[in-house]
Structures are given as structure tokens and as C-alpha cells.
*Asks:* 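Would you mind keeping the following structure in view while I ask a few things?
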Amino acid sequence: MDTLYLIKPGELELKTGNLREFESRLRKDIERRLEGRARVDIRPGRFFLRVPEGLEERAERVLSRVPGIVGYARALTCGKTMPEIGELALRVAREGREAGHSTFKVEARRADKGFPLDSYGLARELGGLILENVPGLSVDVKKPEFTVFVEVRERAYVHGAIRKGQKGLPSGSAGKGLLLLSGGIDSPVAGYLMAKRGLSLEAVYFNAYPYTSREAWEKVRDLAGIVARYAGNLVLHTLSFTDIQMEIKRGAPVECSTLFLRAAMVRAAHLLAAEIGANSLVTGESLGQVASQTAENIRFSQARTDLPIFRPLIGVDKEDTMRMAREIGSYEISILPYEDCCVLFSPEHPILRSRPDREGPIYESLGLDRLIEEAVRTRETLPVPFSV
Ligand code: ATP
Ligand code: MG
């Protein structure tokens with residue numbers, strides 16, 4: 001028998017204008033992540049997912065990760081008669097009891113106004129039925145250990161615990177963003193956060209082979225895989241920045257090297273974004289965290305693009321970012337030791353307050369544009385399928 005899931009979609013209600021498009025994006029995303037083996041039914045304010053036997057575990061992982069879902073629950077369904085509804089309510093209550101709970105409440109919702117009992121009457125009736133038939137349970141409406149949910153709409157649906165989804169907006173509803181993905185802790189979290197705002201993602205990594213190792217790249221690839229769990233399939237572009245770093249090292253004052261490298265990265269990302277149709281860049285920058293992340297230096301590095309740069313961590317403490325990294329599963333990979341290019345070339349006393357009129361001309365005098373274009377042109381491209 002199929003397993004049924006009731007899904008509460010996220011902020012869809014807010015978007016009355018393009019509700020249809022949002023719903024259909026979310027539906028397609030869920031179905032695609034289940035390889036077309038499950039069907040989503042869209043009803044007002046609710047989705048219903050039918051999953052064939054054996055696919056439940058995968059379905060639950062998908063539902064817990066796909067952007068655009070507030071919560072979901074395994075549900076039972078029946079006709080709109082009290083005996084049928086009562087039977088299912090008892091089943092859910094017994095499961096709660098077997099899980100060791102001793103207090104409960106019934107939360108009922110009558111969406112079908114033609115149903116003879118109103119929400120309150122329904123909850124009372126079913127509560128009484130459960131008390132009579134399931135020994136060891138008592139009602140606690142304020143702090144129940146579990147809740148039996150009942151919804152009467154085109155059919156009746158009964159379910160227990162609602163598990164949390166990621167909230168946010170369906171993947172792709174905000175267009176595509178290009179994530180600057182390093183091997184660090186911050187950028188995978190930034191990608192995850194922006195995926196939840198409806199951006200589908202591609203990622204770009206700048207390496208400095210042979211100064212950076214194969215392992216450093218593998219780490220980034222694995223991080224891309226973690227981001228893809230939430231964002232859906234993505235593509236990882238690897239650009240060789242070795243020549244650019246050498247040129248910066250050769251021609252720029254040492255205290256400017258990180259600053260200029262950042263500016264070159266953003267410029268390359270700008271060109272790549274145009275090629276792949278991305279409408280924005282995403283970075284893991286956080287104000288004041290390192291020298292390149294002062295307001296002045298952020299201004300400098302963003303000067304050669306007019307794309308919006310989304311920095312969801314700009315006001316987030318490192319500790320909170322680390323907590324999110326642990327939650328999404330990227331932390332363990334990020335803390336592997338392999339250095340990315342920036343670390344190897346970072347000066348001891350980097351400039352903190354750059355000025356466009358002072359450092360700008362020095363940067364321009366390096367003439368990096370040709371090398372940047374070449375790095376974009378000769379990139380390696382790897383599809384990173386989302387995994388469950
Ligand atoms: P992270 O933990 O994400 O590496 P960080 O705190 O180490 O961030 P920086 O190293 O200054 O900060 O990098 C700031 C942002 O620039 C990163 O979050 C990332 O978006 C981007 N970035 C830095 N290095 C690279 C790289 N080698 N490839 C792609 N993006 C990079
Ligand atoms: Mg870093």
C-alpha cells in the first residue's frame with residue numbers, strides 16, 4: 001500500500017500573485033527528487049504526497065530538505081464519516097501511547113463546512129473516544145505529549161507528529177545564483193540559506209593547483225554535494241587561478257594580495273554568471289571576520305560587478321554559522337585540513353581599509369582581465385546531483 005504524506009507548504013500563501021507557479025515548482029521539485037516514483041496532489045493550503053512502499057525513508061529525507069515546506073506528516077485518510085475517522089484517530093492515539101506518551105489532545109480542522117460537526121465538536125468527540133478506548137492516556141490541551149490531528153476536507157485526514165521542513169521558497173522561484181564555494185565553513189552555509197530563498201544554484205571554486213591539492217578540490221566537491229541536498233542538482237565550475245595569483249604576487253604590494261585576489265574572483269564570477277544565466281552571486285562573507293571582509297574591502301572587491309551579491313552570513317556570528325554547518329552536515333567536511341588558495345597566499349598584514357582611488361589603479365595596472373577571461377573559458381564543469 002502507498003504511504004500518504006500531508007505537506008504544509010511554506011510561504012506560498014504570501015505570493016497570491018504567482019501562487020500557481022510556486023506550487024507547481026514545489027510539486028515538480030519533490031517529484032523529481034523522488035525520481036518520478038511518487039505523486040504530489042495540490043489542494044488549497046496542503047499538498048498530499050503518495051509514496052510507494054519502500055520509498056518512505058527517502059521521501060522523508062527529501063521532505064525534510066526540499067525548500068518550500070513548513071512541515072509534513074505521515075497521514076491516514078478515510079471517508080467523511082465519524083466511525084471511519086474515529087477508527088483512524090484511535091490508531092494514531094495507540095501509536096502515541098505505544099511510543100510512551102501519556103497525555104494528548106486532538107486538534108481538528110473542518111475545512112468542509114458541510115460536515116455536521118464543527119472543529120470543536122469533532123475534537124471533543126474524538127478526544128472522548130480515545131479516552132474510552134486507549135488506557136493510560138489523559139487529555140492535556142496546553143502541553144500534550146502528542147497531538148492527534150484531524151482535517152476534514154475533500155476527505156478526512158488523520159495524523160500524528162508534524163515534522164519540520166526547511167521552510168523558505170521553492171527552488172528556482174528566485175532564479176539562479178552563482179555560489180562562490182570555498183572549502184571553508186561559511187560558503188556552504190551561505191549557499192544553503194540562499195537555496196531556501198528560492199535560488200537554484202551553480203557553484204564556482206577557484207583553485208591554485210599545484211599550490212592547492214587535489215584533496216582541497218575533493219573537499220569542495222563534497223561540500224557542493226551537501227549544498228545540493230537542499231538546493232537540488234547543481235553544477236560545480238572549477239577555475240584555475242594559479243596564473244592570476246602569480247601575477248598578483250609578482251605585481252601587487254603584498255598587503256593587497258588577498259584584496260586583489262577577491263576582486264579577481266568576483267570579476268570571474270561575474271563573467272561566469274553571465275554565461276550560465278545567473279542573476280546574482282552568493283558568498284559566505286561576514287562583516288569583520290577577516291581583513292578582506294571590512295566594509296571598505298567588500299566595496300573594493302564588489303566594484304567590478306553590478307550583480308547583486310547575496311551575503312546571508314554578513315551579520316551572523318561564527319558560532320551560529322558553525323551550528324548551521326553542523327545541522328546541514330557540511331561542518332565535518334569543512335574542517336578537513338586541506339588549504340584553499342587564499343590561505344597560502346595571505347599576507348601577514350593585509351590592508352584593512354582599501355580605497356578605490358588608491359588601490360583601484362594598482363589593481364587595474366596588473367591587467368588581469370585577459371587571465372580572468374581565460375580562467376573562465378578553460379574551467380572544468382562537474383554536474384553535482386543532489387543526493388538523499
Ligand atoms: P569560507 O569559510 O566560506 O571560506 P571565510 O570566512 O574563510 O569563508 P574568506 O576566505 O575571506 O572567508 O572568503 C570569503 C568568501 O569568498 C567565501 O565565503 C567564499 O564565498 C568566497 N571564496 C573565498 N575563497 C574562495 C575560493 N577559493 N573559491 C571560491 N570562493 C571563494
Ligand atoms: Mg575561506
Side-chain angles (χ1 to χ4, degrees), residues 177-195 199 201-209 211-213 215-221 223-224 226-227 234-242 244-245 248 257-270 272-273 278 280-295 297-298 300-302 305 307 309-322 324-326 328 330-347 350-352 354 372 375-376 379-380:
L178 177 58
L179 170 66
L180 282 73
L181 182 63
S182 72
I185 291 169
D186 302 336
S187 42
V189 176
Y192 156 77
L193 289 171
M194 293 317 296
L199 280 184
L201 292 176
E202 297 198 17
V204 58
Y205 169 60
F206 305 96
N207 76 5
Y209 191 78
Y211 300 98
T212 60
S213 62
E215 284 86 350
W217 176 82
E218 284 169 355
K219 186 176 153 183
V220 172
R221 178 203 58 196
L223 287 172
I226 300 285
V227 176
L234 59 80
V235 172
L236 173 63
H237 303 272
T238 303
L239 272 60
S240 171
F241 252 43
T242 315
I244 292 164
Q245 294 218 26
I248 291 172
S257 56
T258 307
L259 180 74
F260 288 2
L261 177 59
R262 280 285 178 281
M265 283 182 182
V266 171
R267 181 64 196 167
H270 172 91
L272 179 55
S280 51
L281 306 181
V282 178
T283 76
E285 286 161 307
S286 175
L287 189 62
Q289 194 183 86
V290 289
S292 58
Q293 296 175 21
T294 60
N297 290 354
I298 287 176
F300 190 92
S301 60
Q302 75 181 11
T305 182
L307 288 170
I309 304 182
F310 296 132
R311 304 174 176 94
L313 300 176
I314 198 69
V316 178
D317 291 345
K318 191 76 183 190
E319 216 169 293
D320 294 326
T321 301
M322 282 160 58
M324 285 190 268
R326 285 197 194 90
I328 66 170
S330 59
Y331 183 78
E332 295 303 319
I333 303 172
S334 289
I335 59 171
L336 292 172
Y338 315 107
E339 309 287 22
D340 68 36
C341 50
C342 323
V343 179
L344 296 177
F345 285 74
S346 51
I351 181 169
L352 291 179
S354 57
I372 291 173
V376 173
R379 68 184 179 273
E380 274 172 36

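Counting convention: from 1, in listed order, for ligands and their atoms alike.
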*Asks:* Return yes if some donor-acceptor pair links the side-chain N/O of Arg379 with the main-chain N/O of Val376 below 3.5 Å, else return no.
*Replies:*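 Answer holds: yes.
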*Asks:* Parallel, tilted or perpendicular: which one describes the rings of Phe206 and Phe241, with boundaries at 30° and 60°?
*Replies:*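 Taking Phe241 first and then Phe206, their aromatic rings sit tilted (interplane angle of 30° to 60°).
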*Asks:* Taking 4.0 angstrom as the limit and counting only heavy atoms of Gly184, give me the atoms of ligand 1 inside it, by number and element.
*Replies:*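 So the atoms of ligand 1 that pass are 1 (P), 2 (O), 4 (O).
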*Asks:* Out of Ala203, Ala268, Ala208, Ser182, who gets a non-hydrogen atom closest to atom 4 (O) of ligand 1?
*Replies:* Ser182
*Asks:* Heavy atoms only: which of Arg262, Lys318, Gln289, His237 is nearest to atom 13 (O) of ligand 1?
*Replies:*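 Considering heavy atoms of Arg262, Lys318, Gln289, His237, the nearest to atom 13 (O) of ligand 1 sits in Arg262.
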*Asks:* Is there any N or O on Tyr205 that sits under 3.5 Å from an N or O of ligand 1?
*Replies:* no
*Asks:* Please list, in number order, the atoms of ligand 1 under 4.0 Å from a heavy atom of Leu181.
*Replies:*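 Reading through ligand 1 atom by atom, the close ones are 28 (N), 29 (C), 30 (N).
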*Asks:* Partners of Glu218 by salt bridge (charged side-chain N to carboxylate O under 4.0 Å, His left out), sequence neighbours excluded?
*Replies:* Arg214
*Asks:* Suppose I only count heavy atoms of Val290 and a 4.0 Å limit; which atoms of ligand 1 are within that range?
*Replies:* 11 (O)
*Asks:* Should you measure from each heavy atom of Ile185, which atoms of ligand 1 turn up under 4.0 Å away?
*Replies:* 2 (O)
*Asks:* What distance separates Leu181 CG from Lys219 NZ, expressed to the nearest 0.5 Å?
*Replies:* 10.5 Å
*Asks:* For ligand 1, is there an N or O atom under 3.5 Å from any N or O atom of Pro188?
*Replies:* no
*Asks:* Nearest 0.5 Å, what's the CD-OG1 distance between Gln245 and Thr212?
*Replies:*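 Rounded to the nearest 0.5 Å, the CD-OG1 separation comes out at 8.0 Å.
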*Asks:* Is there any N or O on Val282 that sits under 3.5 Å from an N or O of ligand 1?
*Replies:*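 Between Val282 and ligand 1, no N or O pair is found under 3.5 Å apart.
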*Asks:* Run the numbers for me: atoms of ligand 1, each under 4.0 Å from some heavy atom of Val204, listed by number.
*Replies:* 29 (C)
*Asks:* Report the distance from atom CG of Leu178 to atom OG1 of Thr283, rounding to the nearest 0.5 Å.
*Replies:*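 The OG1 atom of Thr283 is 11.0 Å from CG of Leu178, to the nearest 0.5 Å.
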*Asks:* With heavy atoms of Thr283 as the reference, note each atom of ligand 1 found under 4.0 Å away.
*Replies:* 20 (O)
*Asks:* What closest approach, in Å, do Leu236 and Arg221 show between heavy atoms, and which atom pair accounts for it?
*Replies:* CD2-CA, 3.8 Å
*Asks:* With sequence neighbours left out, write down each residue that passes salt bridge (charged side-chain N to carboxylate O under 4.0 Å, His left out) with Arg311, or none if nothing qualifies.
*Replies:*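 Salt bridge (charged side-chain N to carboxylate O under 4.0 Å, His left out) list for Arg311, sorted by chain: Glu285.
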*Asks:* Hey, does Gly284 come in under 3.5 Å of ligand 1, counting only N/O atoms on both sides?
*Replies:* yes
